[in-house]
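Working notes for the structure below.
These figures come from a predicted structure and were not determined experimentally.
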Amino acid sequence: MVFLSIISKFVPGKYSINQNQITMKGFNLFKNILMCIFLLLSQYCFSVDDDLIIVDTRSFALGNIRSLSSVINPANISFVDKSEIGTSVLNRFGIDELNTAYVYCNYPNNFIDCGVGLSTFGYEDYKVSSIRTSFAKKIISQFSIGINIMAVNKSSVFIEESVWDYYSHLGLNYTFSESFTAAMLAENLLTTETDNIINVYLGSKYVFNENISLLVEGSYRTKDKFDLSLGFEYYLLERFVISSGVNVKSKTPSFGITYIIKEWTLDAGFSLHNVLGLSSSIGVSYSF
């Protein structure tokens, strides 16, 4: 009955499949069933990936490069000039039940750089909510270290009570010069979750000139093994930034645009999966 109730949320009405003709409705039905299987498996395994609960639209548009993001990697907060408050929303494959909303604030200062973030993912039958605190400090002028401490609440129709798990992440940033930066992010080093998934990201950014930047990130994830992401940024007329990227393993291209006006930054990003279709993200932040 639970499975049928979930199917009814995704697939209103009835479909008939003609063996001699593949209709668009038939394809949509197949796609929606895949999404139901995704949700059921995630509920059964009850393991949470940080891709679901920490969203950075700019990072998403660059092929989901995580280690170089000041929203995702705590060590990068130490190299941000101003405090920042922002929010991002990510929709996967055009399905409302796969939305993530994220709100954050970063506060660099002379004592210890810090930040906080809140997120929610899912729908009424399966929901993941989190609260994250971040701390970072420059050890020397070019090198910083940071940690994320995160509490995640998971609730589902498959369990009687919601479950809390706790995670810690480690971030490093070494800025060799204004042109070259290297960063590392290790997720879930310590956790209360029994089925622990460790993700390690190593990234670098090279600024060719004031307009063009190239980003590269290699990652090792215990569930997906090795992966590679490539990103490219082009500053146009100072206020506009055009972003593009690709995730090599999934062959998923992405692109985005950023508009900067005084203290405000507006971001939009898109990625196109070759089977499941379009995902999109929007974000807005204010520096002060």
Taking atom types as modelled and ignoring hydrogens, do the side chains of [X] and [Y] form a donor-acceptor contact shorter than 3.5 angstrom?
| X | Y | value |
| --- | --- | --- |
| Asn153 | Ser155 | no |
| Asp227 | Asn247 | yes |
| Arg58 | Ser88 | no |

Which pair of non-hydrogen atoms, one from [X] and one from [Y], has the smallest distance, and what is that distance?
| X | Y | result |
| --- | --- | --- |
| Ser243 | Leu62 | CB-CD2, 3.9 Å |
| Ile112 | Ala136 | CG1-O, 3.3 Å |
| Lys154 | Asp165 | NZ-OD2, 2.5 Å |
| Ser280 | Leu90 | O-CD1, 3.3 Å |
| Asp56 | Ser69 | OD2-OG, 2.5 Å |

Between atom [atom1] of [X] and atom [atom2] of [Y], what is the distance when rounded to the nearest 0.5 Å?
| X | Y | atom1 | atom2 | result |
| --- | --- | --- | --- | --- |
| Asn99 | Thr120 | CG | OG1 | 9.5 Å |
| Phe255 | Ser244 | CZ | OG | 8.5 Å |
| Ser130 | Asn148 | OG | CG | 10.0 Å |
| Leu170 | Ile147 | CG | CD1 | 8.5 Å |
| Ile54 | Thr100 | CD1 | OG1 | 10.5 Å |
| Leu215 | Leu68 | CG | CG | 5.5 Å |

**Asked** Do the ring planes of Phe121 and Tyr126 sit parallel (below 30°), tilted (30 to 60°) or perpendicular (above 60°)?
**Response**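 Answer is perpendicular, since the angle exceeds 60°.
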
**Asked** In terms of the angle between their ring planes, are Tyr174 and Phe176 parallel, tilted or perpendicular, with boundaries placed at 30° and 60°?
**Response**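 Tyr174 vs Phe176 ring planes: tilted.
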
Answer yes or no: is there a donor N or O on one side and an acceptor on the other, between the side chain of [X] and the main chain of [Y], under 3.5 Å?
| X | Y | value |
| --- | --- | --- |
| Thr191 | Tyr166 | yes |
| Asn76 | Ser144 | no |
| Asn91 | Ile95 | yes |
| Glu217 | Tyr201 | no |
| Asn274 | Lys251 | no |
| Ser229 | Asn64 | no |
| Asn211 | Leu236 | no |
| Ser254 | Gly63 | yes |
| Asn109 | Tyr107 | yes |
| Thr258 | Phe240 | no |

Do [X] and [Y] come within less than 4.5 Å of each other through their side chains, counting heavy atoms only?
| X | Y | result |
| --- | --- | --- |
| Glu84 | Tyr104 | yes |
| Ile53 | Met150 | yes |
| Phe180 | Lys205 | no |
| Arg92 | Ser279 | yes |
| His273 | Phe93 | yes |
| Ser67 | Ile72 | no |
| Val55 | Val89 | no |
| Glu178 | Val207 | no |

**Prompt:** Looking at Lys82 and Glu263, does any basic side-chain N land under 4.0 Å from a carboxylate oxygen?
**Reply:**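 Salt bridge between Lys82 and Glu263, a charged N being under 4.0 Å from a carboxylate O: no.
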
**Request:** Could you check His169 against Arg132 for side-chain contact (heavy atoms from CB on, under 4.5 Å), going step by step and ending with a plain yes or no?
**Result:** CA-CA 10 Å; His169 308 159; Arg132 169 191 62 87; over 6 Å; no

**More than 12 heavy atoms from other groups under 6.0 Å of CZ on Phe79** =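 Yes, the 6.0 Å shell around CZ holds more than 12 heavy atoms from other groups.
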
**Item:** Evaluation steps, side-chain contact (heavy atoms from CB on, under 4.5 Å), between Phe270 and Leu278
**Value:** CA-CA 7 Å; Phe270 307 88; Leu278 185 71; 4.0 Å; yes

What about [X] and [Y], same hydrophobic cluster or not, with Ile/Leu/Val/Met/Phe/Trp/Tyr joined at side-chain heavy-atom distances under 4.5 Å?
| X | Y | answer |
| --- | --- | --- |
| Leu272 | Ile282 | no |
| Met184 | Ile77 | no |
| Tyr102 | Val152 | yes |
| Phe288 | Val80 | no |
| Leu202 | Phe143 | yes |

**Item:** Transitive ILVMFWY cluster of Val241, excluding itself - 4.5 Å side-chain cut-off
**Value:**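 Tyr235, Ile260, which link up through side-chain heavy atoms under 4.5 Å apart, make up the rest of the cluster.
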
**Message:** Checking Thr57 against Ser281 for the side-chain hydrogen bond (donor to acceptor under 3.5 Å, both in side chains) test, could you report, in this order, the C-alpha distance in whole Å, the side-chain angles of both residues, the deciding distance, and whether it holds?
**Reply:** CA-CA 6 Å; Thr57 302; Ser281 180; 2.8 Å; yes

